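Working notes for the structure below.
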Amino acid sequence: MSSIAKPKFLKPDDDYFASERDAQATDNQVTTFVFNAHHSLNIDAQRERLPIRKYRDHILYCLENFQTLVLVGETGCGKSTQVPQFLYEFGWHTKGIIGITEPRRVSAVTLADRVASERGEIVGQTVGVSVRFIDKFSPNTHIKYMTEGILLREMLGDPLLTKYSVIIIDEAHERNTLTDTSLGLLKKIAKKRESLKIIISSATIDAEFFKDFFNFKTKKSPKDTATIISIEGRMHPVETFYLRDPCPDYVQETVNTALKIHKKERNGDILAFLTGQEEVIQAVNLLKDHSEASGRDDLLILPMYGTLPNNDQLKVFFGAPKGIRKIVVATNIAETSITIPGIVFVIDCGFVKLKWFNPESSTDSLVIVPVSKAAAEQRSGRAGRVKPGKVYRLYTEEDFENLPDQTPPEMRRTELCSTVLHLKALGIDNILRFNFPSPPPAKNLLAALETLYALDALDENGDLTQPIGYTLAEMPLDAMMGKMLYVSGQMGCAVEILTIIAMMQVQNVFSKPSTGQGQIKGRVAKRNFEVEEGDLITLLNVYTAFVENGRTKEFCGQNFLIYRNLKRAHELRSQLENLAQNKLGIPMFSCQGDIDVLRKCITAGFFPNAAYLHHSGVYRTIRGNTELSIHPISTLYTLQQPQFVIFCELLQTTQLFMKDLTVIKEEWLTELAPHYYHKTTVRDY
DNA sequence: GAGCACTGC
């Protein structure tokens, strides 16, 4: 990468992004694009122009006088790049590294790059970065960008974060599970280590919440330990429009509104938010029909969602030709993960699709719920980045007033095994009393404790077991997957299990061309790899064939496989193998084609997820007798239904679907998990 | 016949 300190306009064809895309390499991988309105100015002039510049002394003053500082400011005000440099210039680095966490890999990498070039350096000198697969730092590194996962890993080795003088949690308002875990732990550390300063950086108005969380003021010591600084943004005003009456069909209304804007308004691209892929495609098709019928060729209509093939995703970042208006119809991906340049009009359908964990059935559901006020504001903000914009909310003003302030943080609606493992490994004994920013439902915690107990990761006192519990906590894997890897060492099949795990980490290796002819060819190609033992063994087949054929792009092209994702699986596999072999002492043996050993090993890790075929022709879980179906993407979907299966994931949408299936034998359950399944269990097959 | 978005020495 170039080290020259020159202004940089980040655009899709940057080599830099190309390499990062390769490194990331999942099909739903997305690149963050930073729109820089002052890209023609030199770097110093640009820094001077940032709104945050005026707050430099105030920030430094507050950090001297308070342990925690909540920084509120809009995206683009320069918080993420400038605050670490202010601290460095003031000398905070002499007391320890200035650490900044980001929720996404791409953000950490691009910010580190940006700050390094502002300093006329390359990443790895004063400014370092640490994310999975990328580690660039030196003894002189004083500012370090990282993902939240990395900070958590570092806490496992250095529970008081003694290497750091300041920790900045960027984008805290997103409230990911890892953000909330970090915040809870930082609060604990802050009480023990008063010298550690914490900056919580947040885009919305939940500043009071964060301030209260970190305020240790008591009657005895009545001084606030946390304070808030609000930074004025440089966003343009956004005018808001509501519907007079609620609309019956927000997809149709989105289309109508977009066409109305196109007819009435002058220049400016449109961004519409819908909840899922299906709705996006539906709206795009309706718009295209209209555009064709009108006979005018003045609209560029583009879909944007996570599983859209990479080339199609990139299209939204290019400007439309002169005289043509761009309409991007997107899922939530455009709310935080990507920034589309040139947007002036936003259409907000008022709903969002969220994953929700149900502790009674241990299932995840994808549910469509009304957005929160904060999310609606975030969506509106997408209209004011270039010039004054307009947002059209497809609901009434009264509906808006009745929306919840915040979307429930992920911590309150997700499965918690990994969170519990992390906290236990850090010596938090009573998880139920841990100071979460937003405590998860006790039921969810208990479900996680039960699962971990069944996996032998926790003992009857709820303490981490040695070696299983500690080993699982060290693994960058979900608990059941980790257990499977652990057992594979004893069963002599770790070589194959590692491959299966790596392949499951990358979503979707089978490419699905958008043309009709290609779709059929793709399906035929997939069938070549499919085996009746199920999806996991099929993935093993794909990877083995990929490696045997030299891991080439050509092989992937011929077989309708996504090269980027297989390459990523290969990298993940190497990293996991290194960890398993060298750090966790898992012996690396191959089962030499003995598929039964593999299926048994899968059973040993995922035994709670067993289902049997009821005589009614529908599957049921063994532990809860809940009705389930095979997901249509499974290799088993079109085959004769086996009597017993293990699934890796359950997802409630139109039905309760099992995903990532493996065919097993009933007796393996009692053989491999006698504490969980009894031979006497009578089933009504 | 179906897929909100992220992440891990």
Side-chain angles (χ1 to χ4, degrees), chain A residues 24 26-30 32 101-108 130-135 137 146-158 171 174-182 273-281 304-308 330-338 349 351-356 364-369 371 375 378 407 409-410 413-414 418-419 421-422 472-479 481-482 501-502 505-508 510 512 519 523 571-572 575-576 578-580 582-584 629-634 637-638 649 651-655 657-659:
Chain A
Q24 182 103 351
T26 55
D27 192 40
N28 49 10
Q29 189 268 316
V30 157
T32 305
T101 71
E102 295 292 327
R104 281 169 293 282
R105 287 166 37 97
V106 236
S107 324
S130 183
V131 300
R132 195 173 200 178
F133 300 123
I134 302 173
D135 231 339
F137 60 89
M146 64 196 129
T147 42
E148 288 160 350
I150 297 281
L151 183 71
L152 211 66
R153 295 270 146 208
E154 292 198 1
M155 286 188 205
L156 287 176
D158 178 10
E171 314 279 3
E174 286 189 25
R175 304 293 306 274
N176 302 323
T177 303
L178 282 173
T179 323
D180 275 18
T181 309
S182 309
F273 286 99
L274 290 171
T275 71
Q277 176 181 326
E278 206 177 321
E279 289 173 7
V280 168
I281 293 170
M304 181 73 198
Y305 47 84
T307 55
L308 194 69
T331 61
N332 234 19
I333 192 168
E335 199 177 289
T336 49
S337 308
I338 59 158
C349 76
F351 289 89
V352 64
K353 199 182 276 189
L354 289 180
K355 213 177 196 179
W356 214 287
D364 283 320
S365 301
L366 272 181
V367 290
I368 295 175
V369 295
V371 291
Q378 175 78 16
T407 311
E410 193 190 9
R413 47 183 179 85
T414 192
S418 295
T419 302
L421 277 177
H422 286 141
L472 295 199
E474 283 282 315
M475 290 178 177
L477 297 172
D478 290 339
M481 205 130 25
I501 290 174
Q505 302 285 94
V506 300
Q507 291 297 315
N508 194 21
F510 300 104
K512 226 169 78 176
Q519 271 181 4
R523 197 175 303 173
E571 289 167 354
L572 277 164
Q575 189 198 34
L576 286 170
N578 184 25
L579 179 78
N582 301 330
K583 203 166 170 210
L584 305 174
S629 308
I630 295 177
H631 194 280
I633 58 166
S634 171
Y637 187 76
T638 49
E649 197 190 337
L651 191 65
Q652 171 85 51
T653 51
T654 51
Q655 297 174 52
F657 286 117
M658 299 183 276
K659 298 171 91 170

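Quick caveat, the model's predicted, so the values are computed rather than measured. Every chain is numbered from 1, with letters handed out A, B, ... down the list of sequences.
- Inspection of the A/S182 and A/E148 side chains reveals no N or O donor paired with an N or O acceptor under 3.5 Å.
- Here A/R523 lies in heavy-atom contact (under 4.0 Å) with a base.
- Residue A/T654 places no side-chain N or O under 4.0 Å from the OP1 or OP2 atom of B/dG1.
- In this entry the distance linking CD of A/E174 with P of B/dA5 reads 14 Å, nearest Å.
- Between A/I630 atom CD1 and B/dG1 atom C1' the separation is 13 Å, expressed in whole Å.
- For A/R153 and B/dT7, the CZ to C1' distance is 11 Å, given to the nearest whole Å.
- Listed candidates were B/dG3, B/dT7, B/dC9. Nearest to the side chain of A/L178 is B/dT7.
- In this structure, A/M146 atom CE and B/dG8 atom P are separated by 13 Å, rounded to whole Å.
- The shortest side-chain heavy-atom distance between A/V352 and A/V369 falls under the 4.5 Å cut-off.
- Remark on DNA chain B: of its neighbouring residues A/L579 and A/E278, the 5'-side contact belongs to A/E278, judged by nearest-heavy-atom nucleotide.
- The A/I333 side chain lies nearest to B/dC6 when the options are B/dG8, B/dG3, B/dC6.
- Across A/H422 and A/L156, no two heavy atoms sit closer than the pair O-CD2, 4.3 Å.
- The side chain of A/T147 contributes an N or O atom lying less than 4.0 Å from OP1 or OP2 of B/dG8.
- No engagement by A/T177 is indicated, since no non-hydrogen atom pair under 4.0 Å with the nucleic acid exists.
- Of the side-chain N and O atoms in A/T331, one or more sit less than 4.0 angstrom from OP1 or OP2 of B/dA5.
- Residue contacts shown for A/L156 are absent, as no nucleic acid heavy atom lies under 4.0 Å away.
- Distances were taken from every side-chain heavy atom of A/P632 (C-beta onward) to each of B/dA5, B/dG8, B/dA2; the shortest belongs to B/dA2.
- Taking atom CD on A/Q277 and atom P on B/dG1, their separation rounds to 18 Å, with Å as the unit.
- The residue among A/G149 and A/L366 whose nearest nucleotide of DNA chain B is located toward the 5' end is A/L366.
- In this entry the distance linking CE of A/M155 with C1' of B/dC9 reads 15 Å, nearest Å.
- Rounded to whole angstrom, the span from the CG atom of A/N176 across to the C1' atom of B/dA5 amounts to 9 Å.
- For A/K583, the salt bridge (Lys or Arg N to Asp or Glu O under 4.0 Å) criterion is met by A/E474, not counting sequence neighbours.
- Picking from B/dC6, B/dA2, B/dG8 the nucleotide with the shortest atom distance to the side chain of A/I633 gives B/dA2.
- For the residue pair A/T414 / A/E410, no side-chain donor-acceptor distance below 3.5 Å is found, with atom types taken as modelled.
- With B/dA2, B/dT7, B/dC9 as the candidates, the nucleotide lying closest to the side chain of A/R104 is B/dT7.
- Every residue two or more places apart in sequence or in another chain that forms a side chain to side chain contact (heavy atoms under 4.5 Å, CB included) with A/D158 is listed here: A/T162, A/K163.
- Distance from the side chain of A/E410 is smallest to B/dA5 among B/dG3, B/dA5, B/dG8.
- Between A/E279 atom CD and B/dG3 atom C1' the separation is 13 Å, expressed in whole Å.
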